[in-house]
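Letters A, B, ... mirror the listed sequences (proteins, then strands); counts begin at 1.
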Number of protein chains: 2
Amino acid sequence: MTKPPSTDSDKLVDALVQTAFRTMAALSRIGAEHDLSLTQLRALGILRDRRLRMTALADFLGLEKSTMTGLVDRAEKRGLLRRGPNASDGRAVDVFLSSDGAVLAGRVHAQVAEALSPTTGALAPAEQRRLQVLLDRMLDSQAVLR
Amino acid sequence: MTKPPSTDSDKLVDALVQTAFRTMAALSRIGAEHDLSLTQLRALGILRDRRLRMTALADFLGLEKSTMTGLVDRAEKRGLLRRGPNASDGRAVDVFLSSDGAVLAGRVHAQVAEALSPTTGALAPAEQRRLQVLLDRMLDSQAVLR
DNA sequence: TATTGTTATACTCTATAACTATA
DNA sequence: TATAGTTATAGAGTATAACAATA
């Protein structure tokens, strides 16, 4: 009942998973500094250049609409997000960043870049570009991960 | 108050963050299939080749010791983990996988590899090796991400 | 009728503080 | 005294089901 030996493909998967946990740990820590859950942090990032109706944001985040209500309630109470009417559908509610929310989203983004820079800095500039190309190709290869 | 233009370094950071969210989404989904939270999934993975005392596991996961008690309680009740005495410290409690837990951990690991394979499969074998080398170098470059 | 969002409710995950047992 | 772990408690995040308003 011991762990079977790793294949080459396993090693890449393990590296991806480890990288993901490291990255999420940095995001969590930075979020916590601003009293933001990982989900709220992500919502701020998504809304940085979009105005979305509740269900669309829920889809982005993979959450139920009732969960969105609570998340947006709390963020709106803090003055980070705002609700507004949707131009084309009277049932829908749009969500977007307040100016405070936009400032915070920008600061968080800068902090994330700074937090990851020692990591990416372990690679030479040419390697960083190669890594980015490889990751982007993987990301483009499918809309949703099965 | 709009988004500033992206630098090259930003693009790599964004790719890392996107990859992390995609990877975590796959892990969450697979965990949910087995009624495992992301944290429980990770605990199973960590304990796959280790026997740890409560506080050591808590450190790995970045959790408080009281949170560990609850997590281990639930997993032990399900028969996935077991508690045992620590050989050298009468206060300490060791945690380790039960045989059922080891089977599940192995299955989950295989599922994760399978779930990510379409993604990694977007790259040619030589590229996959290069990606793995680059990621491992980043991971090795520091114990903890600041 | 179907869809959008909210409300009511319940459960999991998490942390803080107080406690017990051992070092 | 200090450390390891548990218990008690409270808050955030999540989902399901029932509901109101609009399409």
- [ ] Would you check, one step at a time, whether the test side chain to side chain contact (heavy atoms under 4.5 Å, CB included) holds for A:R130 with A:L123?
- [x] CA-CA 10 Å; A:R130 260 198 290 161; A:L123 305 180; over 6 Å; no
Open item on the list: For B:R107, I'd like to know if atom CZ has over 12 heavy atoms of other residues, nucleotides or ligands within 6.0 Å.
Closed with: no
Open item on the list: Taking CD in A:E114 as the centre, count heavy atoms belonging to other residues, nucleotides or ligands within less than 6.0 Å. Is the count above 12?
Closed with: no
Task: Residues from residues 82-95 of chain B lying under 4.0 Å of DNA chain C - heavy atoms - done: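 The answer is B:D89, B:G90, B:R91.
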- [ ] Give, ordered by number, those residues of residues 53-71 of chain A having at least one heavy-atom distance below 4.0 Å to an atom of DNA chain C; if nothing qualifies, reply none.
- [x] A:R53, A:M54, A:T55, A:K65, A:S66, A:T69
Open item on the list: Using a 3.5 Å distance criterion without hydrogens, assess whether the side chain of B:R22 forms a donor-acceptor pair with backbone atoms of A:L139.
Closed with: yes
Task: Heavy-atom side-chain proximity of B:L41 to B:L38 below 4.5 angstrom - done: yes
To the nearest Å, give me how far apart [atom1] ([X]) and [atom2] ([N]) are.
{"X": "B:D35", "N": "C:dT12", "atom1": "CG", "atom2": "C1'", "result": "11 Å"}
{"X": "B:Q40", "N": "C:dT14", "atom1": "CD", "atom2": "C1'", "result": "13 Å"}
{"X": "B:D73", "N": "D:dA8", "atom1": "CG", "atom2": "P", "result": "12 Å"}
{"X": "A:L38", "N": "C:dT14", "atom1": "CG", "atom2": "C1'", "result": "14 Å"}

Task: Salt-bridge criterion met for A:R78 and A:D35 (N-O under 4.0 Å) - done: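 Between A:D35 and A:R78 there is no salt bridge, as every charged N stays at least 4.0 Å from the carboxylate O atoms.
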Task: Ionic contact status for A:D73 with A:R83, cut-off 4.0 Å - done: yes
Open item on the list: Could you go through B:Q18 and B:D14, starting from their C-alpha distance and side-chain angles, then the distance that decides it, and tell me whether this counts as side-chain hydrogen bond (donor to acceptor under 3.5 Å, both in side chains)?
Closed with: CA-CA 6 Å; B:Q18 286 307 315; B:D14 287 348; over 6 Å; no
TODO: To the nearest 10°, let me know how far the axis at one end of the helix from C:dT1-D:dA23 to C:dA23-D:dT1 is tilted from the axis at the other, five pairs an end.
DONE: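 That helix gives 0° between its end axes.
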TODO: Give, for atom CG of B:L81 and atom CG of B:D94, the distance between the pair rounded to the nearest 0.5 Å.
DONE: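 Result: 12.5 Å between the selected atoms.
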TODO: For C:dC11, take OP1 and OP2 only and decide whether either is under 4.0 Å from a side-chain N or O of B:R74.
DONE: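 Negative; the distance criterion is not met.
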Open item on the list: One pair to check against side chain to side chain contact (heavy atoms under 4.5 Å, CB included): B:L80 and B:L36. What are the steps and the verdict?
Closed with: CA-CA 11 Å; B:L80 301 177; B:L36 293 171; 3.9 Å; yes
Task: Distance-minimising heavy-atom pair for B:R50 and B:I46 - done: NH1-O, 2.8 Å
